[in-house]
Each structure stands twice: as C-alpha cells, then as structure tokens.
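What follows is a single structure, written as structure tokens, with notes after it.
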Amino acid sequence: MIQNFFNLFLKSNCPICQRATSSELCPNCTKQLYKCQINDASVFWKPPVGVFAWGAYGGILKQAIAVMKYKKHPEVGRLLGQWLGQQWLEDVPLQLPRKFVVVPIPIHPEKLKKRGFNQAAVIAKGFCDVTGYHIKEDLLLRVQDTQTMHSLSLRERSKNLTGAFTVKNLHTHPKRVLIIDDIYTTGATALEAVITLNQVGIEVIGVAASAITLKQKY
C-alpha cells in the first residue's frame with residue numbers, strides 16, 4: 001500500500017499523449033514509436049556521406065520530435081538518442097575507424113537561448129550514454145541564424161546554409177567525428193557541416209539521426 005502511494009506521486013503525464021506514466025513515455029506511445037523503427041538502420045550508409053537512421057520520419061515519431069523541440073521536453077530527445085545508440089551497437093556499419101568523437105549539429109545561440117537546449121546535443125548525449133563514445137558539443141558552431149527550411153527546395157536549403165557553421169578555434173581537433181542530428185531530410189545541413197569540418201582537416205565518418213525522410217533517400 002505504501003508503494004502504491006509513492007507510485008501515485010511518481011507518475012507524470014506522457015509528453016506525447018498526456019496519459020499518466022511512470023517513465024519518460026507511456027507504454028502505448030513507446031509501442032507506436034517502435035513501429036516507426038527502420039529494420040536495418042545502416043541501409044543508408046552510402047557515399048558520399050553515410051547516414052545511420054533509427055526511424056522513418058512521420059506519424060508519431062514526427063510528433064515526438066516536435067514535442068521535444070517546441071514543447072520543451074528534452075527527455076524525449078535523450079530517450080530517442082538512447083534508442084539510436086542501441087540500434088548503432090546492433091547494426092553499426094562495418095569498417096569504421098576505431099576512434100572518433102560525436103559532434104551534434106548546433107543551433108544558433110539566439111535559438112538556443114529561446115529553446116533552452118539543442119535537440120541534436122540532447123540526442124547525442126543519449127547516444128553516448130549507450131555507446132560510450134565521447135561528445136564534443138562545442139566543436140561545431142552555428143554562426144548564421146538560418147530560416148526554417150521545411151518549405152524550401154534542396155537548392156534553397158543549400159543556399160540558406162552556406163557559411164552557416166564554423167569550427168571553434170581549439171588547439172587540438174579530433175581527427176574523425178560522427179555527426180548527430182534529430183532529422184535527416186535532404187542532407188543539406190549535414191553536407192554543409194561536413195564541408196566546414198573537412199576544411200580544417202577533420203574527417204566525418206558519417207551522420208546518425210533519430211529520423212530520416214525516406215522519400216529523400218530512395
């Protein structure tokens with residue numbers, strides 16, 4: 001009876017459906033999210049930039065990412081990052097370099113101030129919780145506050161992102177990095193980050209994302 005009393009106060013509402021739950025998400029939303037999971041997360045690991053994605057962007061996965069970003073629920077991102085990390089350990093692409101660090105796609109400081117967290121960094125931390133990789137959150141910086149890109153064409157996205165990133169002037173840079181983002185759509189953001197990192201001699205082994213827009217990659 002005492003345990004039931006404590007359980008009552010430990011419960012909170014699922015950020016997606018608002019049902020009472022004692023975990024980050026309710027069992028029903030968790031079950032529905034797993035239906036979005038891609039069977040082979042490394043199927044997109046192809047030149048020029050290999051992509052490793054946990055789920056297909058749409059439905060409840062799209063809703064979960066929106067809840068994380070716009071309703072300020074970073075715990076959802078941490079969980080998505082942990083699932084991405086678990087999938088990485090199961091389906092990790094072959095012939096990867098043994099040593100690399102994880103670098104999240106940054107957001108502009110003004111957006112960071114408004115939101116309170118960088119969604120890609122939250123996912124990256126969850127990913128590293130599971131995989132044991134090191135994260136370098138301040139290596140790649142966003143110096144341009146680019147416009148929202150969901151309505152832009154691929155050419156417009158590329159133009160919008162030109163010069164958006166820079167690498168922090170550190171005395172020592174990692175030789176290789178894995179980029180982490182929340183959503184991989186056209187690849188314009190990832191490509192601009194790769195170009196920026198390559199310009200200072202940093203190799204990008206690939207991109208890992210919680211969600212991918214399938215029609216953009218097939």
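Keep in mind that this is a model prediction, so the values were computed, not measured.
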- Task: Please say which of Val207, Val51, Val43 ends up in a side chain to side chain contact (heavy atoms under 4.5 Å, CB included) with Ile212.
- Result: Val51
- Considering all heavy atoms, the nearest Ala193-Ile179 contact: CB-CD1, 3.9 Å
- Message: Going by salt bridge (charged side-chain N to carboxylate O under 4.0 Å, His left out), name the residues that satisfy it together with Glu203, two or more places apart in sequence or in a different chain.
- Response: Arg176
Let me check something: any side-chain donor-acceptor pairs from residues 125-134 under 3.5 Å, sequence neighbours excluded? List them with distances.
unit_1	atom_1	unit_2	atom_2	d
Lys125	NZ	Glu137	OE1	3.4
Asp129	OD1	Arg78	NH2	3.1
Asp129	OD2	Arg78	NE	2.9
Asp129	OD2	Arg78	NH2	3.0
Thr131	OG1	Phe127	O	2.9
Thr131	OG1	Tyr133	N	3.4
Tyr133	OH	Trp88	NE1	3.2

- Query: Hey, quick one: are Val67 and Leu84 part of the same hydrophobic cluster, counting side-chain heavy atoms closer than 4.5 Å, chains of contacts allowed?
  - Reply: no
- So, for Ala120 and Asp181, which heavy atoms are closest and what is the spacing to 0.1 Å? CB-OD1, 3.8 Å
- Query: Are Ile183 and Leu112 grouped together when hydrophobic residues (ILVMFWY) are joined by side-chain heavy atoms under 4.5 angstrom apart?
  - Reply: no
- For Asn198 and Ile202, indicate whether the former's side chain and the latter's backbone hold a donor-acceptor pair under 3.5 Å. yes
- Is there a side-chain contact between Asp182 and Ile105, using heavy atoms and a 4.5 Å cut-off? no
- Might you work through the side-chain contact (heavy atoms from CB on, under 4.5 Å) test for Lys69 and Arg115, ending with a clear yes or no? CA-CA 7 Å; Lys69 292 164 67 173; Arg115 183 172 296 163; 4.1 Å; yes
- State, with a plain yes or no, whether a side-chain heavy atom of Leu214 is found less than 4.5 Å away from one of Ile38. yes
- Side-chain contact test, heavy atoms from C-beta onward, threshold under 4.5 Å: evaluate it for Pro104 versus Ile135 and give yes or no. yes
- Query: At what distance, to the nearest 0.5 angstrom, does CG of Leu80 lie from CG of Leu61?
  - Reply: 6.5 Å
Quick one: side chains of residues 28-36, donor-acceptor pairs under 3.5 Å with protein atoms, not counting sequence neighbours, listed by atom name and distance.
unit_1	atom_1	unit_2	atom_2	d
Thr30	OG1	Cys26	O	3.0
Tyr34	OH	Trp83	NE1	3.4

- Message: Count I, L, V, M, F, W, Y as connected when their side-chain heavy atoms are under 4.5 Å apart, and connections chain through other members. Are Val122 and Ile107 then in the same cluster?
- Response: no
- Would you please say whether a donor-acceptor pair under 3.5 Å links the side chains of His108 and Glu110? no
- Query: With a 4.5 Å heavy-atom cut-off, do Leu178 and Val101 have their side chains touching?
  - Reply: no
- Message: Does Val102 form a side-chain contact (heavy atoms from CB on, under 4.5 Å) with Lys136? I'd like the steps, not just the answer.
- Response: CA-CA 6 Å; Val102 169; Lys136 213 165 195 43; over 6 Å; no
- Do His173 and Val167 touch side chain to side chain, with heavy atoms closer than 4.5 Å? yes
- Taking all heavy atoms of Ala190 and all of Tyr184, pick out the closest pair and write down the distance. CB-CE1, 3.9 Å
- Message: Looking at Pro106, is its backbone amide N or carbonyl O close enough to the side chain of Arg142 to form a donor-acceptor pair, meaning the two atoms are under 3.5 Å apart?
- Response: yes
- Message: For a 4.5 angstrom cut-off between non-hydrogen side-chain atoms, does Val177 reach Leu140?
- Response: no
- Task: Please answer: with hydrophobic residues joined when any side-chain heavy atoms are less than 4.5 Å apart, are Leu89 and Val92 in the same cluster?
- Result: yes
- Query: With respect to Pro15, which candidate in Lys71, Glu75, Lys72 satisfies the side chain to side chain contact (heavy atoms under 4.5 Å, CB included) definition?
  - Reply: Glu75
- Query: Side chains of Gln86 and Trp54: does their closest heavy-atom pair fall under 4.5 Å?
  - Reply: no
- Item | side-chain contact (heavy atoms from CB on, under 4.5 Å) evaluation trace for Ile195 with Phe165 | CA-CA 9 Å; Ile195 291 170; Phe165 303 113; over 6 Å; no
- Task: Would you give the length of the straight line joining atom NZ of Lys168 to atom CG of Leu139, rounded to the nearest 0.5 angstrom?
- Result: 9.5 Å
- Item | Between OG on residue Ser12 and CD on residue Glu24, distance to nearest 0.5 Å | 9.0 Å
- CA sep, side-chain torsions, deciding dist, call: Phe117, His73, side-chain contact (heavy atoms from CB on, under 4.5 Å): CA-CA 10 Å; Phe117 62 92; His73 282 282; over 6 Å; no
- Is any side-chain heavy atom of Gln37 less than 4.5 Å from a side-chain heavy atom of Gln87? yes
